[in-house]
Amino acid sequence: MNIRNTGHHITRRIRLIACISALATAFVVALPQVGHAQNVTPPPVPGTLHVPEGNEAFLIGHAFGSQDYVCAASGSGVAFVLTTPEAVLFDNPARRVINHFFSPNPVEGGTIRATWQSTRNSSVFWGKLVHAATFATDPDFVAPDAIAWLLLSRAGVLEGSGNGDNLAAATFVQRVNTVGGLAPSIGCNSPADIGKTAFVPYEADYVFYKNPTATTAVPERN
(Lines give C-alpha, C1' and ligand atoms only; values in the text may rest on other atoms or scores of the structure.)
Protein backbone atom coordinates (compact mmCIF):
# COMPACT_ATOMS: atom_id res chain seq x y z
CA MET A 1 0.00 0.00 0.00
CA ASN A 2 1.67 3.18 -1.19
CA ILE A 3 0.47 5.78 1.29
CA ARG A 4 2.99 8.36 0.13
CA ASN A 5 1.81 8.31 -3.51
CA THR A 6 -1.78 8.48 -2.35
CA GLY A 7 -0.97 11.59 -0.36
CA HIS A 8 0.54 13.23 -3.42
CA HIS A 9 -2.58 12.42 -5.46
CA ILE A 10 -4.81 13.95 -2.81
CA THR A 11 -2.65 17.08 -2.65
CA ARG A 12 -3.06 17.61 -6.40
CA ARG A 13 -6.83 17.16 -6.08
CA ILE A 14 -7.00 19.73 -3.28
CA ARG A 15 -5.40 22.33 -5.53
CA LEU A 16 -8.36 21.92 -7.90
CA ILE A 17 -10.71 22.58 -4.99
CA ALA A 18 -9.04 25.87 -4.02
CA CYS A 19 -11.11 27.93 -6.46
CA ILE A 20 -14.33 26.39 -5.10
CA SER A 21 -13.22 27.27 -1.59
CA ALA A 22 -12.75 30.92 -2.50
CA LEU A 23 -16.25 31.10 -4.03
CA ALA A 24 -17.85 29.27 -1.12
CA THR A 25 -16.28 31.61 1.41
CA ALA A 26 -18.03 34.52 -0.27
CA PHE A 27 -21.44 32.94 0.42
CA VAL A 28 -20.91 30.94 3.59
CA VAL A 29 -21.31 33.94 5.91
CA ALA A 30 -25.05 33.60 5.40
CA LEU A 31 -25.12 30.07 6.82
CA PRO A 32 -26.53 29.20 10.23
CA GLN A 33 -24.09 27.59 12.66
CA VAL A 34 -23.58 23.86 12.06
CA GLY A 35 -22.60 21.24 14.57
CA HIS A 36 -19.09 20.58 15.84
CA ALA A 37 -17.50 18.37 18.50
CA GLN A 38 -19.93 17.29 21.26
CA ASN A 39 -22.76 19.60 20.11
CA VAL A 40 -23.82 17.58 17.06
CA THR A 41 -27.49 16.70 16.58
CA PRO A 42 -28.01 14.61 13.44
CA PRO A 43 -30.94 15.67 11.23
CA PRO A 44 -33.89 13.35 10.55
CA VAL A 45 -33.23 10.89 7.70
CA PRO A 46 -35.09 8.08 5.93
CA GLY A 47 -34.92 4.74 7.73
CA THR A 48 -32.51 3.29 5.17
CA LEU A 49 -29.93 5.95 6.07
CA HIS A 50 -29.85 5.28 9.83
CA VAL A 51 -26.41 4.36 11.13
CA PRO A 52 -26.00 1.22 13.28
CA GLU A 53 -26.49 1.57 17.01
CA GLY A 54 -23.33 2.49 18.90
CA ASN A 55 -22.20 5.14 16.41
CA GLU A 56 -22.54 8.81 17.30
CA ALA A 57 -22.25 11.98 15.22
CA PHE A 58 -19.19 14.10 15.92
CA LEU A 59 -19.07 16.57 13.03
CA ILE A 60 -21.43 18.18 10.52
CA GLY A 61 -20.01 20.12 7.58
CA HIS A 62 -21.94 22.19 5.06
CA ALA A 63 -20.61 21.67 1.53
CA PHE A 64 -20.42 24.05 -1.41
CA GLY A 65 -19.16 22.67 -4.70
CA SER A 66 -20.04 20.92 -7.92
CA GLN A 67 -20.95 17.48 -9.18
CA ASP A 68 -18.75 16.95 -12.23
CA TYR A 69 -20.10 14.90 -15.14
CA VAL A 70 -18.82 13.71 -18.52
CA CYS A 71 -20.91 12.50 -21.44
CA ALA A 72 -20.04 8.84 -22.08
CA ALA A 73 -21.39 5.75 -23.83
CA SER A 74 -24.08 4.09 -21.74
CA GLY A 75 -25.90 0.95 -22.88
CA SER A 76 -27.09 1.53 -26.41
CA GLY A 77 -26.87 5.31 -26.06
CA VAL A 78 -25.04 8.03 -24.14
CA ALA A 79 -25.50 9.62 -20.72
CA PHE A 80 -23.81 11.98 -18.32
CA VAL A 81 -21.65 10.00 -15.87
CA LEU A 82 -20.39 11.39 -12.56
CA THR A 83 -16.59 11.71 -12.53
CA THR A 84 -16.09 13.40 -9.15
CA PRO A 85 -17.52 15.87 -6.69
CA GLU A 86 -15.40 18.96 -5.98
CA ALA A 87 -16.59 20.44 -2.70
CA VAL A 88 -15.45 22.31 0.39
CA LEU A 89 -17.05 21.71 3.81
CA PHE A 90 -17.42 24.31 6.55
CA ASP A 91 -18.23 23.59 10.20
CA ASN A 92 -19.07 27.23 10.88
CA PRO A 93 -19.44 30.27 8.62
CA ALA A 94 -15.76 31.16 8.84
CA ARG A 95 -13.89 27.85 8.95
CA ARG A 96 -13.22 25.43 6.12
CA VAL A 97 -12.59 21.98 7.59
CA ILE A 98 -12.77 19.33 4.86
CA ASN A 99 -12.22 18.89 1.13
CA HIS A 100 -14.38 16.34 -0.72
CA PHE A 101 -13.60 14.53 -3.98
CA PHE A 102 -13.02 11.07 -5.47
CA SER A 103 -9.63 9.39 -5.10
CA PRO A 104 -7.99 5.92 -5.05
CA ASN A 105 -8.38 4.08 -1.74
CA PRO A 106 -5.05 2.38 -0.90
CA VAL A 107 -6.75 -0.02 1.51
CA GLU A 108 -8.63 -1.51 -1.47
CA GLY A 109 -5.72 -1.49 -3.90
CA GLY A 110 -6.67 1.80 -5.54
CA THR A 111 -10.44 1.46 -5.88
CA ILE A 112 -11.90 4.92 -6.53
CA ARG A 113 -14.04 6.02 -3.58
CA ALA A 114 -15.72 9.14 -2.26
CA THR A 115 -13.05 10.88 -0.19
CA TRP A 116 -13.02 13.44 2.59
CA GLN A 117 -9.75 14.99 3.77
CA SER A 118 -9.35 17.29 6.76
CA THR A 119 -7.81 20.66 5.96
CA ARG A 120 -6.58 20.90 9.55
CA ASN A 121 -4.71 17.63 10.07
CA SER A 122 -4.82 15.86 6.64
CA SER A 123 -6.64 12.78 7.99
CA VAL A 124 -8.68 10.99 5.31
CA PHE A 125 -11.89 8.95 5.14
CA TRP A 126 -12.85 6.87 2.09
CA GLY A 127 -16.54 5.91 1.98
CA LYS A 128 -18.42 3.01 0.38
CA LEU A 129 -22.08 3.45 -0.54
CA VAL A 130 -24.51 1.58 1.74
CA HIS A 131 -27.87 3.11 0.79
CA ALA A 132 -29.24 6.00 -1.26
CA ALA A 133 -32.50 7.92 -0.87
CA THR A 134 -33.91 9.79 -3.87
CA PHE A 135 -36.99 11.89 -4.54
CA ALA A 136 -38.59 8.78 -6.08
CA THR A 137 -38.03 6.66 -2.96
CA ASP A 138 -38.23 9.29 -0.21
CA PRO A 139 -40.05 12.44 -1.40
CA ASP A 140 -40.60 13.58 2.21
CA PHE A 141 -36.86 14.15 2.50
CA VAL A 142 -35.26 14.59 -0.93
CA ALA A 143 -36.16 17.50 -3.23
CA PRO A 144 -37.16 16.63 -6.81
CA ASP A 145 -34.31 18.69 -8.29
CA ALA A 146 -31.59 17.48 -5.88
CA ILE A 147 -29.10 14.64 -5.81
CA ALA A 148 -29.70 11.69 -3.53
CA TRP A 149 -29.15 11.56 0.20
CA LEU A 150 -26.58 8.88 1.01
CA LEU A 151 -25.21 6.64 3.74
CA LEU A 152 -21.59 5.56 3.29
CA SER A 153 -19.56 3.22 5.46
CA ARG A 154 -15.82 3.19 6.07
CA ALA A 155 -13.85 1.68 3.18
CA GLY A 156 -10.49 3.05 4.32
CA VAL A 157 -8.94 5.76 6.46
CA LEU A 158 -5.60 7.49 6.85
CA GLU A 159 -4.37 8.92 10.12
CA GLY A 160 -3.49 12.62 10.14
CA SER A 161 -1.28 14.73 12.32
CA GLY A 162 -1.86 17.83 14.40
CA ASN A 163 -5.09 19.28 15.73
CA GLY A 164 -8.64 19.11 14.44
CA ASP A 165 -11.27 16.41 14.05
CA ASN A 166 -9.68 13.08 13.12
CA LEU A 167 -11.51 11.67 10.10
CA ALA A 168 -9.63 8.41 10.59
CA ALA A 169 -11.98 7.79 13.52
CA ALA A 170 -15.08 8.06 11.31
CA THR A 171 -17.19 4.96 10.72
CA PHE A 172 -20.04 6.36 8.62
CA VAL A 173 -20.94 9.51 6.66
CA GLN A 174 -24.41 10.70 5.69
CA ARG A 175 -25.04 13.15 2.86
CA VAL A 176 -28.29 14.99 3.61
CA ASN A 177 -30.16 18.24 2.88
CA THR A 178 -28.99 18.24 -0.72
CA VAL A 179 -29.61 21.14 -3.12
CA GLY A 180 -28.99 20.82 -6.87
CA GLY A 181 -26.27 18.65 -8.36
CA LEU A 182 -28.34 16.49 -10.72
CA ALA A 183 -26.89 15.65 -14.14
CA PRO A 184 -28.15 17.95 -16.93
CA SER A 185 -31.07 16.73 -19.01
CA ILE A 186 -29.58 18.23 -22.19
CA GLY A 187 -26.12 18.31 -23.74
CA CYS A 188 -25.53 14.55 -23.91
CA ASN A 189 -27.91 13.22 -26.53
CA SER A 190 -25.80 11.56 -29.25
CA PRO A 191 -22.36 9.98 -29.78
CA ALA A 192 -21.19 13.37 -31.05
CA ASP A 193 -21.57 14.67 -27.47
CA ILE A 194 -19.23 12.08 -25.92
CA GLY A 195 -16.53 13.82 -23.92
CA LYS A 196 -18.57 16.92 -23.12
CA THR A 197 -18.41 17.92 -19.46
CA ALA A 198 -20.87 19.56 -17.08
CA PHE A 199 -20.08 21.03 -13.65
CA VAL A 200 -23.34 21.30 -11.71
CA PRO A 201 -23.39 23.38 -8.49
CA TYR A 202 -24.69 21.70 -5.35
CA GLU A 203 -24.87 22.05 -1.59
CA ALA A 204 -25.27 19.40 1.09
CA ASP A 205 -24.68 18.63 4.74
CA TYR A 206 -22.29 15.79 5.58
CA VAL A 207 -22.69 14.13 8.98
CA PHE A 208 -19.68 12.18 10.28
CA TYR A 209 -20.10 9.37 12.83
CA LYS A 210 -17.68 7.40 14.99
CA ASN A 211 -17.94 4.48 17.40
CA PRO A 212 -16.33 5.49 20.71
CA THR A 213 -15.89 1.84 21.71
CA ALA A 214 -14.17 0.72 18.50
CA THR A 215 -10.45 -0.04 18.52
CA THR A 216 -9.69 -0.34 14.80
CA ALA A 217 -6.07 0.17 13.79
CA VAL A 218 -5.53 2.55 10.86
CA PRO A 219 -2.52 3.30 8.64
CA GLU A 220 -0.32 6.18 9.78
CA ARG A 221 1.02 8.85 7.48
CA ASN A 222 4.75 8.51 6.82
Side-chain angles (χ1 to χ4, degrees), residues 6 9-21 23-24 45-46 48-49 61-89 98-117 124-139 141-156 167 170 172-208:
T6 298
H9 178 93
I10 291 172
T11 299
R12 290 194 297 270
R13 175 65 69 183
I14 289 173
R15 289 172 183 158
L16 296 177
I17 294 175
C19 61
I20 297 174
S21 176
L23 180 61
V45 298
T48 56
L49 302 191
H62 187 84
F64 291 92
S66 65
Q67 297 280 307
D68 300 353
Y69 298 92
V70 64
C71 184
S74 178
S76 60
V78 296
F80 274 117
V81 176
L82 181 68
T83 57
T84 188
E86 298 276 1
V88 179
L89 280 62
I98 295 170
N99 292 320
H100 175 44
F101 46 88
F102 285 169
S103 75
N105 176 14
V107 177
E108 299 178 294
T111 299
I112 301 299
R113 294 291 188 192
T115 310
W116 292 263
Q117 182 173 38
V124 185
F125 176 92
W126 285 273
K128 179 180 181 179
L129 181 65
V130 178
H131 289 293
T134 66
F135 173 72
T137 63
D138 294 277
F141 293 90
V142 186
D145 57 351
I147 53 175
W149 293 22
L150 305 176
L151 173 65
L152 301 100
S153 63
R154 176 194 289 190
L167 296 185
F172 292 90
V173 174
Q174 292 168 330
R175 182 177 76 186
V176 299
N177 300 331
T178 54
V179 177
L182 288 176
S185 58
I186 59 174
C188 182
N189 306 109
S190 72
D193 294 322
I194 290 177
K196 288 184 178 180
T197 56
F199 306 97
V200 184
Y202 89 105
E203 295 182 37
D205 289 328
Y206 290 91
V207 187
F208 295 82

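Note that the structure is predicted; figures quoted are calculated from it, not measured. What's counted below: heavy atoms across the whole structure, side chains too, no hydrogens, waters or symmetry copies.
- Phe102 has its side chain within reach of Leu82: a pair of non-hydrogen atoms, C-beta onward, lies under 4.5 Å apart.
- Put simply, the side chain of Ser74 does not reach to within 4.5 Å of the side chain of Val81, judged on heavy atoms.
- Nearest approach of Val142 to Ile147, heavy atoms of both residues: CG1-O, 3.8 Å.
- Between the CG atom in Asn99 and the CZ atom in Phe101 there is a gap of 6.5 Å [rounded to 0.5 Å].
- At a threshold of 4.5 Å between non-hydrogen side-chain atoms, the residues Lys128 and Arg154 do not count as touching.
- Here the CG atom belonging to Asp205 is positioned 11.5 Å from the CZ atom belonging to Arg175, to the nearest 0.5 angstrom.
- Annotation: side chain of Thr134 is not in contact with side chain of Trp149 (no heavy-atom distance under 4.5 Å).
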- Task: Please assess Leu167 against Phe208 for the test side chain to side chain contact (heavy atoms under 4.5 Å, CB included), listing each intermediate value before the final yes or no.
- Result: CA-CA 8 Å; Leu167 296 185; Phe208 295 82; 4.1 Å; yes
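- Considering only heavy atoms from C-beta on, Thr48 stays 4.5 Å or farther from Leu151 through its side chain.
- To the nearest 0.5 Å, the span separating CZ on Phe80 from CG on Leu182 amounts to 12.5 Å.
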- Task: Dump the intermediate steps for side chain to side chain contact (heavy atoms under 4.5 Å, CB included) on Val130 and Leu152, then the final yes or no.
- Result: CA-CA 5 Å; Val130 178; Leu152 301 100; 5.6 Å; no
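- Val200 approaches Pro184 most closely through the heavy-atom pair CG2-CD, 3.9 Å.
- Listed for the Asn105 side chain is a donor-acceptor partner under 3.5 Å among the backbone atoms of Ala155.
- Of the candidates Phe125, Trp116, Phe172, Trp116 is the only one forming a ring pair (Phe, Tyr, Trp, His ring centres under 6.0 Å) with Tyr206.
- In this structure, the side chain of Asp193 engages the main chain of Ser190 through a donor-acceptor pair within 3.5 Å.
- Separation of atoms CD (Gln67) and CZ (Phe199) is listed at 12.0 Å; rounding is to 0.5 Å.
- In summary, the side chains of Ser103 and Trp126 do present a donor paired with an acceptor at a separation below 3.5 Å, with no hydrogens or angles considered.
- Remark: the backbone N or O of Thr115 is paired with a side-chain donor or acceptor of His100 at under 3.5 angstrom.
- Looking only at distances, a side-chain donor or acceptor of Thr83 sits under 3.5 Å from a matching main-chain atom of Asp68.
- The shortest side-chain heavy-atom distance between Val78 and Asn189 does not fall under the 4.5 Å cut-off.
- Using a distance-only test at 3.5 Å, with no hydrogens or angles considered, no donor-acceptor pair links the side chain of Tyr202 to the main chain of Ser66.
- A donor-acceptor pair under 3.5 Å is absent between the side-chain atoms of Glu203 and the main chain of Thr178, judged by distance alone.
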- Query: Passes side chain to side chain contact (heavy atoms under 4.5 Å, CB included), Gln174 versus Val45? Steps please.
  - Reply: CA-CA 9 Å; Gln174 292 168 330; Val45 298; 3.8 Å; yes
